[in-house]
Amino acid sequence: MSDIRVRFAPSPTGYLHVGGARTALFNWLFARKMGGKFILRIEDTDLQRSSDEMVRGILEGMEWLGLDYDEGPFYQTDYADKHRAAAYQLLESGQAYRDFTPKQERNDATIKQDIAKEKVVNPYRNLPQAESDSRAESGESFVIRFKVPEDGKTQFDDAVFGLQERDYKETEDLVLLRSDGHPLYNLSVVVDDIEMGISHVIRGQDHINNTHKQVLIYQALGAQVPKFAHLPLILAPNKGKLSKRKHGEIVSVTTYRDAGFIPDAFVNFLALLGWSPAGIEGAEDQEIFTREQLIEAFTLEGIHKSNAVFNFTEGDARNWTDQKALWMNFEYIKTWPMEKLLPLIKPELQKAGLWRDEYEGEQRAWYEHTISLLRERARTLLDFAGHGRPYFVDDLSFEFEEAAVRKNLQKDPALKELLPQLADRFAAVTEFNHDSAEVALRALAEEKTVKAGLLINATRTALTGQSVGPSLFEVVVAVGQKRAVQRLKHAAELI
RNA sequence: GGCGCGUUGGUGUAACUGGUUAACACGCCGCCCUCUCAAGGCGGAGAGCACGGGUUCGAGUCCCGUACGCGCUACCA
């Protein structure tokens, strides 16, 4: 019943960057919300580079984000013949003309400027049809330019920016077909969008100028003009352009995947960049949205006009990306349903060589409990195999942090005697659990008249090599009696 | 230069068709909790809505101008 069709049309630059990802997301959300179709089209017109590899980066990013498309990917170059035919159709109907100006002359910077400044009328614009034909037949090189009408203006009602008008005089006669026969962007997009029945064009605001040109082409081709919605841009912290060259990996979505982000968390963050659920009852102050809630709340009206800043501190390891994104990821890790979280953690443990199939079998209860312990302090998926390592290895192949050893173990020489004693007490406990371990430890502390805290903190470092972590007796239980005893004895040697 | 667009605390945003001390989240600071670190609870600093005029009993919300920022200005996409 719905004829809503939208598309994401990236040019294959090697990877999906955050701006593109958000454009894709908004298209996807709109399609899902409206029950329409989401189409992926690769705009590879005129790119020399091997498309395959470049395209893979885009597809990888979309797959990770969970933005599934209903049709495509289509490749724009596959339709070059249609684009060319459209150019000739416009030529024949008199809405375009051949421009025989030599390429060099056109490319000359000063001449170009003069043309722009003085709005020189192209000398070939009104060349008689017969002469144009014969010169073309004689093999003279030419481009096909669109013949922008003299009086009037283009207009379209943008879903975000409202009514947009532009006097024809502001639009130059754009090239449709290059002298080597290659169709150009503005023509190709329009022809493809018509062909694919695109009903709504949702794209970056940097295209607003092109839209005026494209409206002209739609009309000349006698096609229905789709609805447009231009998105505000995502800027760098200095409010400048967020670019691949200047900001490197931070703009690539695969960076977030590799940094241990939950895709839904990143999607959630991206959705709030330039859009908000304004006017949605009860959702105005909401920050955390499931995919379903996002789809439900999404409207084009909620998109902002002003650009958003992607806030991060260059060179700051802790705040390497937008702090809100970091916070959101943490929030997801902490609260996501176990059944959704576990499949994301498994590959991380596998990568680190920490995975055991028993975690899904007989050790399942222990495993899930341990994960629930770790998730409270994990900021990324990487932390499970990082800070979590001591929980998953039997031996001592985990790092003893220097500062932790100094602060919690070497702080008091008495620990050299106390730790082995505690090991013995632990070993003697028949029913080893949270409470019995605590009783054993506190009893020892009392007998030796030392603060329980001294033993507690030392034990934490002995068992995990770290100075921070979950409540100690939770750690003790997770590590288990055998490993705890072993590690306490070992720790004494570090003192 | 030309054309277009934008401007609410550091960042992301809210504020019904103009109506009390401009709200929420992240971040920051402090306190509480406490075996550490987080989390959590409580509290705080931080914008008077880019600036200047106007309209109005009353403007962040309407109008005009200025400044600043951004986009576009290819035989790139």
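Every chain is numbered from 1 and lettered A, B, ... according to where its sequence line falls, protein lines coming before strand lines.
A close approach under 4.0 Å does occur between a side-chain nitrogen or oxygen of Arg178(A) and OP1 or OP2 of C76(B). Within the structure, every side-chain polar atom (N or O) of His304(A) is placed at least 4.0 Å from both OP1 and OP2 of G6(B). Contact between the side-chain N/O atoms of Lys239(A) and the OP1/OP2 oxygens of U11(B) is found at a separation under 4.0 Å.
Contact annotation: side chain of Arg166(A) to base of C3(B), donor-acceptor pair absent below 3.5 Å. In terms of polar N and O atoms assigned as donor or acceptor, the side chain of Ser179(A) comes within less than 3.5 Å of the base of C75(B) in a complementary pairing.
Regarding Asn307(A), its CG atom lies at a distance of 10 Å from the P atom of G6(B), rounded to whole Å. Atom CG of Asp44(A) is separated from atom P of C76(B) by 15 Å (rounded to the nearest Å). Put simply, NZ on Lys407(A) is 6 Å from P on C37(B), counting in whole angstrom units.
Looking at heavy-atom distances under 4.0 Å, Gly204(A) makes no contact with the nucleic acid at all. Here Pro470(A) lies in heavy-atom contact (under 4.0 Å) with a base. The residue Phe161(A) sits close only to the backbone: its heavy atoms come under 4.0 Å of sugar-phosphate atoms, none of a base. Using a 4.0 Å heavy-atom distance criterion, Ser306(A) is classed as a sugar-phosphate-only contact. Contact annotation for Phe310(A): no contact, since no heavy-atom pair falls under 4.0 Å across all strands. Val143(A) comes within contact range of at least one nucleobase, with a heavy-atom separation under 4.0 Å. Note on Ser471(A): a base of the nucleic acid sits closer than 4.0 angstrom, heavy atoms only. Looking at heavy-atom distances under 4.0 Å, Lys451(A) makes no contact with the nucleic acid at all. Heavy atoms of Asn210(A) sit under 4.0 angstrom from at least one base atom.
Across all strands shown, G40(B) forms a Watson-Crick or G-U wobble pair, both distances under 3.5 Å, with C32(B). Across all strands shown, nothing is found opposite G27(B) as a Watson-Crick or G-U wobble partner with both distances under 3.5 Å. Remark: G46(B) base-pairs with no nucleotide in the shown strands. Criterion, Watson-Crick or G-U wobble with two distances under 3.5 Å. When Watson-Crick and G-U wobble pairs are counted only if both distances are under 3.5 Å, U7(B) pairs with A67(B). Under the Watson-Crick and G-U wobble criteria, each requiring two contacts below 3.5 Å, nucleotide C76(B) is left unpaired.
Of the possible polar contacts, one joining the Gln286(A) side chain to the Ile288(A) backbone as a donor-acceptor pair under 3.5 Å is found.
Of all heavy-atom pairs between Phe156(A) and His230(A), the closest is CE1-CE1, 4.1 Å.
Arg98(A) forms no cation-pi arrangement with Tyr124(A), by the criterion of a distance under 6.0 Å to the ring centre and an angle within 45° of the ring axis.
The shortest side-chain heavy-atom distance between Thr321(A) and Phe310(A) falls under the 4.5 Å cut-off.
Between Glu376(A) and Lys334(A) no salt bridge is recorded (no basic side-chain N to carboxylate O distance below 4.0 Å). A salt bridge does not link Asp316(A) with Arg318(A): none of the charged nitrogens is closer than 4.0 Å to a carboxylate oxygen.
For Val309(A), the listed nucleotide lying nearest its side chain is G12(B); candidates were A39(B), G12(B), C70(B). Closest approach to the Ala308(A) side chain among U36(B), C5(B), G12(B) is made by G12(B) (side chain taken as heavy atoms from C-beta onward). Distance from the side chain of Arg442(A) is smallest to C35(B) among G71(B), C3(B), C35(B). Taking the side chain of Phe473(A) as heavy atoms from C-beta on, and the options C3(B), C35(B), A77(B), the nearest nucleotide is C35(B). Listed nucleotides G71(B), U36(B), G6(B) differ in distance to Lys305(A); the shortest reach to its side chain belongs to G6(B).
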List the atom pairs, donor and acceptor, that lie under 3.5 Å between side-chain atoms in residues 259-269 of chain A and the rest of the protein, sequence neighbours left out.
unit_1	atom_1	unit_2	atom_2	d
Asp264(A)	OD1	Arg291(A)	NH2	3.3
Asp264(A)	OD2	Arg291(A)	NE	2.9
Asn268(A)	OD1	Phe289(A)	N	2.8
Asn268(A)	OD1	Tyr332(A)	OH	2.7
Asn268(A)	ND2	Glu287(A)	O	3.1

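Mapping Leu472(A) and Leu163(A) onto RNA chain B via the closest heavy atom, the residue that lands nearer the 5' end is Leu163(A). If Ile208(A) and Asn186(A) are placed on RNA chain B by their nearest nucleotide, the residue sitting closer to the 5' end is Ile208(A).
The salt bridge (Lys or Arg N to Asp or Glu O under 4.0 Å) test applied to Arg7(A) returns Asp193(A), not counting sequence neighbours.
For the side-chain hydrogen bond (donor to acceptor under 3.5 Å, both in side chains) with Lys153(A), the qualifying choice from Gln164(A), Glu165(A), Glu170(A) is Glu165(A), the only one to do so.
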**OP:** Any chance you could list the contact pattern along nucleotides 24-33 of chain B? Use B for base contacts, S for sugar-phosphate-only contacts and - for none, protein heavy atoms under 4.0 Å, 5' to 3'.
**Re:** SBSS------

